[in-house]
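For clarity, every value in this text was computed on a predicted model and none was experimentally measured. Heavy-atom basis, side chains included; hydrogens, waters and symmetry copies ignored.
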Amino acid sequence: KPIYLSCLGEVYDVTSGKDFYGKEQGYSFFAGRDATISFFSGDFTKEALEKEESVLDYTVKEVKSMMEWRKFYEEHETYKFVGHLDGDYYDSEGQPTQYLKDIQMKLAEDDKEL
């Protein structure tokens, strides 16, 4: 049975990492959901997933940390991108939402200031 996770609405098949993401394993919390904020908040609880938090409320440093996690999955040898999750970050057509564009803009503005 495949194991999927989502980071910033990008869905990856992490079945090859079942020793990490499988049932009752250390990172099983991430399997089957988009837990974007948990990637950099470190809060791996059901309550954290239910909070009405915005990525935009976090510091640029924290958001960049989360982007590093996305990069990890993008570049992983065996974890494969399988699509976009319809929701906060992508619409049903797989197009970025305004929310994702705002996150990207926040990061781009910070890069200009350096």
By side chain to side chain donor-acceptor pair (under 3.5 Å), T97 pairs with (sequence neighbours left out) none
Looking at every non-hydrogen atom in both residues, tell me the closest pair between P96 and K101 and how far apart they are.
O-CE, 3.7 Å
Determine whether E62 and S65 satisfy the following criterion, side-chain hydrogen bond (donor to acceptor under 3.5 Å, both in side chains), listing intermediate values before the conclusion.
CA-CA 5 Å; E62 290 169 318; S65 169; over 6 Å; no
Evaluate whether atom CD of Q98 has more than 12 neighbouring non-hydrogen atoms of other residues, nucleotides or ligands under 6.0 angstrom away.
yes
May I have the step-by-step check of side chain to side chain contact (heavy atoms under 4.5 Å, CB included) for Y90 and L85, ending in yes or no?
CA-CA 6 Å; Y90 291 93; L85 184 65; over 6 Å; no
For F29 and T45, what are the C-alpha separation, side-chain angles and deciding distance, and is it a side chain to side chain contact (heavy atoms under 4.5 Å, CB included)?
CA-CA 8 Å; F29 170 82; T45 63; 5.5 Å; no
All heavy atoms of Y99 vs all of D88, minimum pair found to be CD2-O, 3.5 Å
Spacing of D34 atom CG and D86 atom CG [to the nearest 0.5 Å]
12.0 Å
Does the pair R70/E74 count as a salt bridge with the N-to-O cut at 4.0 Å?
yes
When every non-hydrogen atom of S38 is compared with those of F44, the smallest separation belongs to O-CE2, 3.2 Å
When every non-hydrogen atom of M66 is compared with those of C7, the smallest separation belongs to O-SG, 4.2 Å
On a heavy-atom basis, the closest approach of I3 and T15 is N-OG1, 2.8 Å
Sort and list the pairs that fulfil side chain to side chain donor-acceptor pair (under 3.5 Å) and have at least one residue in residues 18-31, not counting sequence neighbours.
Y21-Y73
Apart from M105 itself, what residues make up its hydrophobic cluster when side-chain heavy atoms of I, L, V, M, F, W and Y under 4.5 Å apart count as a link, directly or indirectly?
none
Gap separating the NE2 atom of H84 from the OG atom of S6, nearest 0.5 angstrom:
9.0 Å
For K106 and V55 the tightest heavy-atom approach is NZ-O, 4.4 Å
Worked check of side chain to side chain contact (heavy atoms under 4.5 Å, CB included) between F30 and F39
CA-CA 9 Å; F30 293 103; F39 276 100; 3.6 Å; yes
Would you please test L8 and L100 for side chain to side chain contact (heavy atoms under 4.5 Å, CB included) and show each step?
CA-CA 8 Å; L8 277 170; L100 180 57; 4.1 Å; yes
Nearest 0.5 Å, please: how far is OG1 in T36 from CD in E53?
11.5 Å
Polar side chain donor-acceptor pair, E10 to Y89, under 3.5 angstrom
no
So, does K61 use its side chain to make a donor-acceptor pair with the main chain of Y58 at under 3.5 Å?
no
Check: V82 and Y4 side chains under 4.5 Å, non-hydrogen atoms:
yes
Heavy-atom count check: over 12 atoms from other residues, nucleotides or ligands less than 6.0 Å from F72 CZ?
yes
Between F81 and Y12, is the ring centroid distance below 6.0 Å?
yes
Are the side chains of V11 and L5 in touch, meaning some heavy atoms are under 4.5 Å apart?
no
